[in-house]
Asks: 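Sharing a structure below in structure tokens format, with a few things to ask.
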There are 2 protein chains.
Amino acid sequence: MKPTSIKDIAHMASVSITTVSFIVNGKAEQMRISKKVIERVQAIIDECDFVPNQVARSLRTGNTKTIGLIVEDISNPFFGSIARKIEDKAYKKGYKISYSSTENDPVKAKELIEMFKSRQVDAYIIAPVPGIESDIKQLLAEKIPVVIFDRNLADLEVNFVVVDNFNGTYMATKHLIDKGKKNIAFVTVDVHVDQMNNRFYGYEKALEDHRIPYNERIYSEISFDSNDDNTNAQLMLLFKKNPEIDAVLFSTNYLAIKGLGVLKQINKPINDDFTIVSYDDHDVFRLHTPPISVVDQPIEEIAERIIDIVLHELMSGSKSSAKHEISKITLQPHFIER
Amino acid sequence: MKPTSIKDIAHMASVSITTVSFIVNGKAEQMRISKKVIERVQAIIDECDFVPNQVARSLRTGNTKTIGLIVEDISNPFFGSIARKIEDKAYKKGYKISYSSTENDPVKAKELIEMFKSRQVDAYIIAPVPGIESDIKQLLAEKIPVVIFDRNLADLEVNFVVVDNFNGTYMATKHLIDKGKKNIAFVTVDVHVDQMNNRFYGYEKALEDHRIPYNERIYSEISFDSNDDNTNAQLMLLFKKNPEIDAVLFSTNYLAIKGLGVLKQINKPINDDFTIVSYDDHDVFRLHTPPISVVDQPIEEIAERIIDIVLHELMSGSKSSAKHEISKITLQPHFIER
DNA sequence: CTGAAAGCGCTAACAG
DNA sequence: CTGTTAGCGCTTTCAG
């Protein structure tokens, strides 16, 4: 059973294809097609549940009404929540989202961009991995709207929405220092994207500003691809070998969650003598006993800014090749003391 | 800068469009195109970074190599994890995923199916909401592969992958009874999809089998659309008004998380005298003090089964209109005692 | 006010 | 072995 096409409708209504097309696209008035015809055709359209074939339309018009979303991992609540918000807003404007997870793999990321390109998505929202600068540059050269978020790519003239990571860890570290902590460990991931670097710099600077020497022994870098056992072993080692640690700052929520697991396992209590802080909030931290303080990223706002920029470019940007205003947005994280 | 088309390539290589098309689609050998030509054309293709326009291809061939994923909420870790797994496997077979969240709204769900239809997705993976049976039936009539999951739609001959919800809550309730609990509250959501009903039935049956009367006063149904404050207030009321409650079984993880929040707020300790159990695992429960027992759904397996069915139908199903074998898969949840 | 017709980029018969 | 050609379903210009 072939789906009905515009041709079928035209035939049934005994009008031309053109007429149907105008009616379908709401240009009937403008084209001054008679009310009677409009009504008659519309009735037939409703009757047949006719929905125009978007693929054909895309081929003709060149836009697919689809936005490509490339993140690290859609199952991570941070990205999931953003995806959700973006979807909502885009949907209201008639856009759909196609997503893909890069797993921080530049090769996969490149493939994904290629794939989206062949599918002619109208715009891209990307949480970039290192090494795709050139691909993004290419997109830009083709005047395709792009917004990157979460991480910035320093030398690229592209829209971005990021959070002030430096300030986030600075606040967190300062908080710990103010609490009298002297040996604050820093646990991070070995993905040296801009935002991770800044989180480290914030920590380092806060130590420096308070004349606490940076101690390499209590800095731990977990491999992104590390499996659970390895990660746990590495964290355990950190705690065992450095009993002087009186606080830990985790640079991502999933590391902090792993850390809590390890601490539980080795029966190391969290209290006034041993505090932990996570970057990125999570239900776990709120409900933990005792509750865990966090650096919270304004997820809603991030998503909103992203989709606003995208939709704005999609509306105005492409038609007028006017001055290409680039949006560079840095939002402030909040330190939530618990 | 228009992207290069197959025509451009043909022109540059001084061959016909057909030749290029065959080479691009790997049918060159089969069509016995000379090695030399293949190499020369391939070189030009590489040079230009030519990627065929998938939209045009879709229009021509009728398939878009895209799978539509319709879930309740992509930011819920349960759906997010499944989405992730599905994406992985589909990607390896050259399929992409378009997702959408229904928010349990049948109207939106219908619109989404319509939208996907107009975009000609090749297959559907749906966590159904009540009231879209007819739309799914329509899809089936058009011989489009569909798999539903999480919830079953009783009277529909469609592939499904679900978990034995009845058994899940039965096990959980039995566990609590074995621990000596007499007043087990049940907190659920007001979305009466098949799987939620079964969760309640499992609870009810376990009580009955152990001669514990069902007590309506400690059954609480939270509105899906309820905001945080309302939900909290309702839960608080439940606990305050029924101090005899010695255990609570939550039918979803997000309700259990809210529940934990409320209990913390009213300083009600969780211990041997007051136990809580959640349906669906979550990091929160594992790391909670004390840890919370859960009914765990085999997420990986759910995702795997779903995508296997879809890909299988996509490969074989459509071309041979042979006997349409329907896969009805019910997986067993596990009770994790903590 | 409405219709004819030219493609969008690609695939796949069918001809050489 | 390679080229010609007819569409896939739709939009849109240009004629009536």
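Chain naming here is simple, since letters A, B, ... match the order of the sequence lines and numbering starts at 1 in each. For the numbers below, each heavy atom of this structure counts, side chains included, while hydrogens, waters and symmetry mates do not.
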Asks: Under 4.0 Å between a side-chain N or O of Ser5(B) and OP1 or OP2 of dG9(C)?
Replies: no
Asks: Quick one: list whatever passes side-chain hydrogen bond (donor to acceptor under 3.5 Å, both in side chains) with Ser81(A), sequence neighbours left out.
Replies: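 Counting only residues at least two positions away or on another chain, Ser81(A) forms no side-chain hydrogen bond (donor to acceptor under 3.5 Å, both in side chains).
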Asks: What residues form a ring pair (Phe, Tyr, Trp, His ring centres under 6.0 Å) with Tyr124(A), not counting sequence neighbours?
Replies: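 With neighbours one apart ignored, the set is empty.
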Asks: Picking from dC10(D), dC10(C), dG3(D), which would you name as closest to the side chain of Ile6(B)?
Replies: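 So the side chain of Ile6(B) is nearest to dC10(C).
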Asks: What donor-acceptor contacts under 3.5 angstrom involve side-chain atoms of residues 129-136 of chain B, with partners at least two apart or in another chain?
Replies:
from, atom 1, to, atom 2, distance (Å)
Glu133(B), OE1, Gly131(B), N, 3.0
Asp135(B), OD1, Lys110(B), NZ, 2.9

Asks: Using atom names, set out every protein N or O paired with an N or O of nucleotides 12-16 of chain C below 3.5 Å, distance rounded to 0.1 Å.
Replies:
from, atom 1, to, atom 2, distance (Å)
dA12(C), OP2, Lys27(B), NZ, 2.9
dA12(C), N6, Thr18(B), OG1, 3.3

Asks: Pick the closest DNA chain D nucleotide for Ser14(B) and for Leu59(B) by heavy atoms, then say which residue is nearer the 5' end.
Replies: Ser14(B)
Asks: Determine whether the side chains of Asn104(B) and Thr102(B) contain a donor N or O and an acceptor N or O closer than 3.5 Å.
Replies: no
Asks: If the condition is side-chain hydrogen bond (donor to acceptor under 3.5 Å, both in side chains), which residues does Arg305(B) pass it with, not counting sequence neighbours?
Replies: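 Testing Arg305(B) for side-chain hydrogen bond (donor to acceptor under 3.5 Å, both in side chains), a comparison that skips the adjacent residues, returns none.
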Asks: Select base, sugar-phosphate, or nothing to describe what Val55(A) touches, counting heavy atoms under 4.0 Å on all strands.
Replies: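 The residue Val55(A) makes no contact with any strand.
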Asks: Nearest whole angstrom, please: distance from the C1' of dG9(C) to the CD of Gln120(A).
Replies: 9 Å
Asks: Measure the CZ-CG distance between Phe79(B) and Asn76(B) for me, rounded to the nearest 0.5 Å.
Replies: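 Those atoms lie 6.0 Å apart.
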Asks: Starting at CG of Asn63(B) and ending at C1' of dC8(D), how long is that distance when rounded to a whole Å?
Replies: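 Distance check: Asn63(B) CG to dC8(D) C1' gives 12 Å.
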Asks: Any side-chain heavy-atom pair from Lys85(B) and Glu304(B) closer than 4.5 angstrom?
Replies: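 Yes, at least one pair of side-chain atoms sits under 4.5 Å.
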Asks: Nearest-Å distance, CD1 (Ile23(A)) to C1' (dC10(D))?
Replies: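 Distance check: Ile23(A) CD1 to dC10(D) C1' gives 15 Å.
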Asks: What is the distance, to the nearest angstrom, from the CG atom on Asn53(B) to the C1' atom on dG7(C)?
Replies: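 Answer to the nearest Å: 14 Å.
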Asks: Between Asn25(B) and Arg57(B), is any pair of side-chain heavy atoms under 4.5 Å apart?
Replies: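 Answer yes - side chains close enough.
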Asks: Closest to the Val15(A) side chain: dT2(D), dG3(C), dC8(D)?
Replies: dG3(C)
Asks: Does Lys65(B) make a cation-pi contact with Tyr95(B) (under 6.0 Å, within 45 degrees of the axis)?
Replies: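 Flagged: Lys65(B) positioned over aromatic ring of Tyr95(B).
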Asks: Once you round it to whole Å, what is the distance between P of dG9(C) and NZ of Lys117(A)?
Replies: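 After rounding, the reported distance stands at 16 Å.
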Asks: Contact list please: residues 36-52 of chain A against DNA chain C, heavy atoms, distance less than 4.0 Å, in numerical order.
Replies: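 Those residues are Val37(A).
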Asks: Describe the nucleic acid contact of Val24(B) in one word from base, sugar-phosphate, nothing, applying a heavy-atom distance below 4.0 Å.
Replies: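 Since no nucleic acid heavy atom lies under 4.0 Å of Val24(B), the category is nothing.
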